[in-house]
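These notes concern the structure reproduced below.
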Amino acid sequence: MGRYLYMNSNKRAGSKARMFSGKVCGEHCFRFSYHMLGRSVGHLIFYKQIGDVRDVIWKRSKNQGDNWNDAFLEVHGTSCYKVYIRFES
């Protein structure tokens with residue numbers, strides 16, 4: 001089962017889209033694909049959030065080419081946290 005986030009960065013500069021995970025505890029792996037093409041592409045950022053504190057754990061910026069890229073992200077932790085995903089054009 002998966003989720004997706006789609007945002008057309010050609011529509012409006014400065015747009016943002018975001019998605020949160022539910023609460024997760026311990027170590028988890030996230031596998032995802034992303035496509036970032038064009039001059040108006042901004043940033044795709046994954047954060048680990050504990051309480052009100054967010055730490056960047058993965059980031060890609062600007063044009064990444066006209067192809068789907070696969071990523072595998074291991075998130076380590078001894079406490080519970082949320083994963084916050086944000087795209088900015």
Side-chain angles (χ1 to χ4, degrees):
M1 181 174 163
R3 303 275 189 262
Y4 69 91
L5 176 67
Y6 171 81
M7 183 175 158
N8 186 343
S9 64
N10 291 326
K11 296 291 182 186
R12 205 171 71 203
S15 296
K16 296 178 183 169
R18 59 185 172 239
M19 184 168 37
F20 294 88
S21 73
K23 184 169 77 170
V24 285
C25 301
E27 298 184 9
H28 286 289
C29 299
F30 295 87
R31 186 177 70 186
F32 56 97
S33 299
Y34 61 96
H35 188 275
M36 298 171 68
L37 174 68
R39 289 180 293 175
S40 60
V41 171
H43 310 283
L44 176 60
I45 309 166
F46 280 66
Y47 298 89
K48 178 180 173 183
Q49 180 173 331
I50 300 174
D52 293 331
V53 178
R54 289 185 190 145
D55 293 315
V56 174
I57 54 176
W58 187 90
K59 180 177 180 178
R60 291 293 180 271
S61 297
K62 305 296 179 188
N63 188 348
Q64 298 293 309
D66 190 12
N67 53 330
W68 283 94
N69 300 290
D70 294 321
F72 182 78
L73 179 60
E74 293 182 23
V75 182
H76 304 280
T78 56
S79 60
C80 297
Y81 54 89
K82 290 184 177 183
V83 174
Y84 176 73
I85 305 163
R86 185 170 76 186
F87 179 80
E88 303 169 352
S89 67

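All values below come from the heavy atoms of this structure, side chains included, with hydrogens, waters and symmetry mates left out.
The side-chain tip of Arg18 does not point at the ring of Tyr84 from less than 6.0 angstrom away and within 45° of straight on.
Of all the heavy atoms in Asn67 and Gln64, the pair that sits closest is OD1-O, 3.5 Å. Contact record, Asn63 with Met36: OD1-O, 3.4 Å, taken as the closest heavy-atom pair. Closest non-hydrogen pair, Cys29 versus Glu74, comes out as SG-CG, 3.9 Å.
Cluster membership check: Ile45 does not share its hydrophobic cluster with Phe30, using side-chain heavy-atom separations under 4.5 Å among Ile, Leu, Val, Met, Phe, Trp and Tyr.
Residues Tyr47 and Ile57 have side chains not in contact (no heavy-atom distance under 4.5 Å, counting atoms from C-beta outward). Taking 4.5 Å as the limit, every side-chain heavy atom of Val83 sits out of range of all side-chain heavy atoms of Leu73. Contact of the Asn69 side chain with the His35 side chain is not registered, since no non-hydrogen atoms from C-beta on lie closer than 4.5 Å. Counting heavy atoms from C-beta outward, Lys59 and His43 have side chains that approach closer than 4.5 Å. When side chains are defined from C-beta on, Ile50 counts as touching Lys48, because their heavy atoms get closer than 4.5 Å. Annotation: side chain of Leu37 is in contact with side chain of Asp66 (closest heavy-atom distance under 4.5 Å).
For Gln49 (side chain) and Gly51 (main-chain N/O), a donor-acceptor pair under 3.5 Å exists by modelled atom type.
Taking Lys62 as the reference, nothing meets the side chain to side chain contact (heavy atoms under 4.5 Å, CB included) condition, with sequence neighbours excluded.
Taking the six-membered ring for Trp, Phe32 and Phe46 have ring centres closer than 6.0 Å. Taking the six-membered ring wherever Trp is involved, the centroid distance between the rings of Tyr34 and Trp58 falls below 6.0 Å.
For residues 40-71, the set of pairs meeting the disulfide (SG to SG under 2.5 Å) definition, not counting sequence neighbours, is empty. Applying the disulfide (SG to SG under 2.5 Å) test to pairs two or more places apart or on separate chains, those with a residue in residues 48-89 are Cys25-Cys80.
To the nearest 0.5 Å, atoms CG (Leu44) and OG (Ser61) are separated by 9.0 Å.
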With side-chain contact (heavy atoms from CB on, under 4.5 Å) as the test, would you mind laying out the steps for His76 and Tyr81 before giving the verdict?
CA-CA 10 Å; His76 304 280; Tyr81 54 89; over 6 Å; no
Is there a side-chain contact (heavy atoms from CB on, under 4.5 Å) between Met19 and Phe87? Walk through the geometry before answering.
CA-CA 9 Å; Met19 184 168 37; Phe87 179 80; over 6 Å; no
